[in-house]
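Data first, discussion second: the structure below is written as structure tokens.
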Amino acid sequence: MKLTPSPLSHNHWFIIKPRLTGFLVFLFFCVIFSLIISQQYQISRKAKHDAMHTHLQAIHKSIDESLKNYYVDALTLSLTINDKGIPQNFESVGKKILDANPNIDALQLVPNGIIQYTYPAKGNEAAKGVDIFNNKKTRIEALKAIETRKMYYAGPVELKQGGLGILGRLAIYKNNQFWGFSAILIRLNTLLQKPEIKQIDQSKYHFQFSKINPNTGKEVFFLTSKEKLNPKNAVNSIIPDGDWKLYLIDKRPNELVFPLVLRSFLAFFLALLIGFLTTSFFKKPAELEILLQKQADKLLKNEIKFKSVFDQAAVGITYVDSNSGQILEANKKYCSLLGYTEDEIKQKKIQSIVHPGDLKESLLKFERLRNGSIREYSTEKRHITKSGNIIWIRLTISPLLEINTLPTNHIAIAEDVTQRKLVEKAILNSQQRIESLINTVDGIVWECDAKTLEFNFISKKVEDILGYTSQEWINTPNFWINHIFPEDRDFTLKYCEEQTALKLNHDFEYRMIAKDGTIVWMRDIVNVIVENNEAKSLRGIMIDVTKTKEIEKELNNSFNLVSEQNKRLLNFSYIVSHNLRSHTSNISSIVDLIETSESEEEKEEMVQLLKSVSDSLNETMLNLNEIVNIQTNVGIVTENLNLKQYLDNTLNILSDQIELKGVTVVSSINDAIEVNYNPAYLESILYNLISNAIRYSHHDRNPTIHIDCYVENDKTVLQISDNGIGIDLDKNGQKIFGMYKKFSTHKDSKGIGLFITKNQIDAMGGSITVESEPNLGTTFKVYIS
């Protein structure tokens, strides 16, 4: 059989040009290694930046929490100012605030912008009388506190009493008129004594604190530093309550350069080595291809030489009958690939060794070779070995024909690529496992466009958490935006837009509406992907934190309840201590007098006095017991009560007193009014307030009691007014609901009724107010929540 040599195929140029191939491989790996090293460098820089950002956020959070606490203190201080604009108990309240918060250096009240009240006064004398509106350095920031109507922190500024300090000012309004400021003074050194600042690794980072001077417009730095601030080597955070800027500066910005250079050098060397090995590897195939070309030419004259090359080839070679598919010849390499001997392989047709799954495609291409529509083709297909194993072979098939004639035989060059196929399969399986792993993460993994917020990936966990399928989410425009809880939507979109514009990764919480209509709290951890200094996409994970939010709410409720109980118990302990001490002191004194009495009459007189004190002690114990029952009754039973029915019962009980004093009761309460309340408490409150109105009626006029009920700010208000002797609230307003506090000389006055009433109303979550003037009458308003 005659074989016509054919030139090397153009797609084998890399074999015949090994040096060029090696050089291209060298360039390829240089590019790959450069990308890898660049990515590692960016990851390291990002990790370092994230660590700095985390440190700075901890400092920011600590300072911000302190400022919020100072706001509460400033608000508490402002409450000492009465309706006439005069501070009351300023010294005692100031002492309590400083005892509770040692980080505060001083408190001030600044009526009309002039510092008049300072606690402690000692050490702050120089500040008294300073007019902050007439001082250019303080005027702008003082006006800012008025303009924003929030607590604004001025400074740091040089204090009159010496040193740098920060002044938190809260504008106070009385009767919708500006009164002045309630101010908190914190020295700069005190503010910076935060554990988060002290724990900074000084060998790595430097902390800086600055502010734009409102007068000069220049940024002023307050902490001494040898480090020159370079924004590229620092992270910053702004505290809006004082317009302060916090910096965390990297002292070693170039520490990643040396590893980068070292890796680059190693990558270059490795790419060079791979290029050299590639050149060496392709030298032999190139030589073999050239040799095959020469031998093919010689086979026309010498079939023996062709057979030698055919058998010794490093790749499998065979040729088959173009019509029947019968294998005519096969070299040793081809026989070795399939596990047959040379004689066995010649008994086979190509159809019997090709895998059934690849046979149809193989026959179609073979037909095209036979009819001349294609001259040659390369493909990868499965073959079945003699032992029944499946291997992958790369085949390059060309016809053996004379020019301008139809082929009768074809030659095939076969190369075993099973190992590469296994690697590719492993990679595919790995990708599938990664996708499966993502879907098992206890959170919704997602990716979206940074500008349009259109999602291109959402993990299947979304079905478990929100009930929607991945396809529902991806195929619906603005799906995420439309399913954010309406009250959270504006904040969520604005915050996400701001952080993305700044190219900052962010972590925030908001609510979403699940498919079944329930509200789900989501914590969204977002990573901003930046390309060419532009935010291209967002990736993140949404975590269901609904249970955490519910637990947090329950803990807050429990804390508030315990705090309130502790406050009540402390107040009760003061009352018990004061009242029991008074009685025991009286008993002790009477006993001493009995022991020293010289006559039986005197002793009898002392015994009667002792009995009186004992009765008083017993009454006190009964009162205290009732108060304990109120203050310790956590689970108070409530029910819907008809207010008019309870009012009628109370008036019936007090009918003798009403008739005796000729009291006129005017009530607007009808049968339709119901309140959800504890029956015993409602009965006690009505009895105490109405009986007080009768007891303290004015002897110069006919007593009249007005009882009304109406709704104010979604709360039911029970109002009881009288025209009795009234109470001097300027003198007794602070102690009107105190225990054993009496405001008249009436013989039946015990000072316990209003105290019990106030405790019962507080226990029900409501409140009570009083309006009164001497000789004009009194009005009590009970707010029922």
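Quantities reported herein were computed from a predicted structural model and do not represent experimental measurements. We count residues from 1, following the sequence as given.
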Would you say the side-chain atoms of N89 pair up with the backbone N or O of V93, donor to acceptor, closer than 3.5 Å?
no
Counting N and O atoms only, with roles assigned by atom type, does the side chain of S772 sit under 3.5 Å from a partner on the main chain of G777, one being a donor and the other an acceptor?
yes
Distance-only, no hydrogens or angles: does the N713 side chain make a donor-acceptor pair with backbone N or O of K715 under 3.5 Å?
no
Do E141 and R169 meet the salt-bridge criterion of a basic N to acidic O distance under 4.0 Å?
no
Which value, rounded to the nearest 0.5 Å, describes the distance between S691 atom OG and L654 atom CG?
6.0 Å
What's the separation between atom CG in N702 and atom OG1 in T664, rounded to the nearest 0.5 Å?
6.5 Å
Under-4.0 Å salt bridge between E509 and K549:
yes
Evaluate the ring planes of F181 and F133, with Trp represented by its six-membered ring, and classify them as parallel (under 30°), tilted (30 to 60°) or perpendicular (over 60°).
tilted
Separation between NZ of K218 and OG of S210, rounded to the nearest 0.5 Å:
15.0 Å
Could you walk me through whether K160 and I115 satisfy the side chain to side chain contact (heavy atoms under 4.5 Å, CB included) test, starting with their C-alpha distance in whole Å, then the side-chain angles of each, then the deciding distance to 0.1 Å, before giving a yes or no?
CA-CA 12 Å; K160 291 289 186 179; I115 300 173; over 6 Å; no
Kindly compute the distance separating CD1 (I172) from CH2 (W179), expressed to the nearest 0.5 Å.
5.0 Å
Donor-acceptor side-chain pairing of N103 and S66 below 3.5 angstrom:
no
Evaluate side chain to side chain contact (heavy atoms under 4.5 Å, CB included) for V157 paired with T138, printing each intermediate quantity in order.
CA-CA 9 Å; V157 296; T138 59; 5.5 Å; no
Heavy-atom donor-acceptor pair, N236 side chain to Y247 backbone, under 3.5 Å:
no
Ionic contact status for D490 with K494, cut-off 4.0 Å:
no
Do T757 and N688 pair up side chain to side chain, a donor and an acceptor below 3.5 Å, judged on atom types alone?
yes
d(I239 CD1, H60 NE2) to nearest 0.5 Å is 5.0 Å
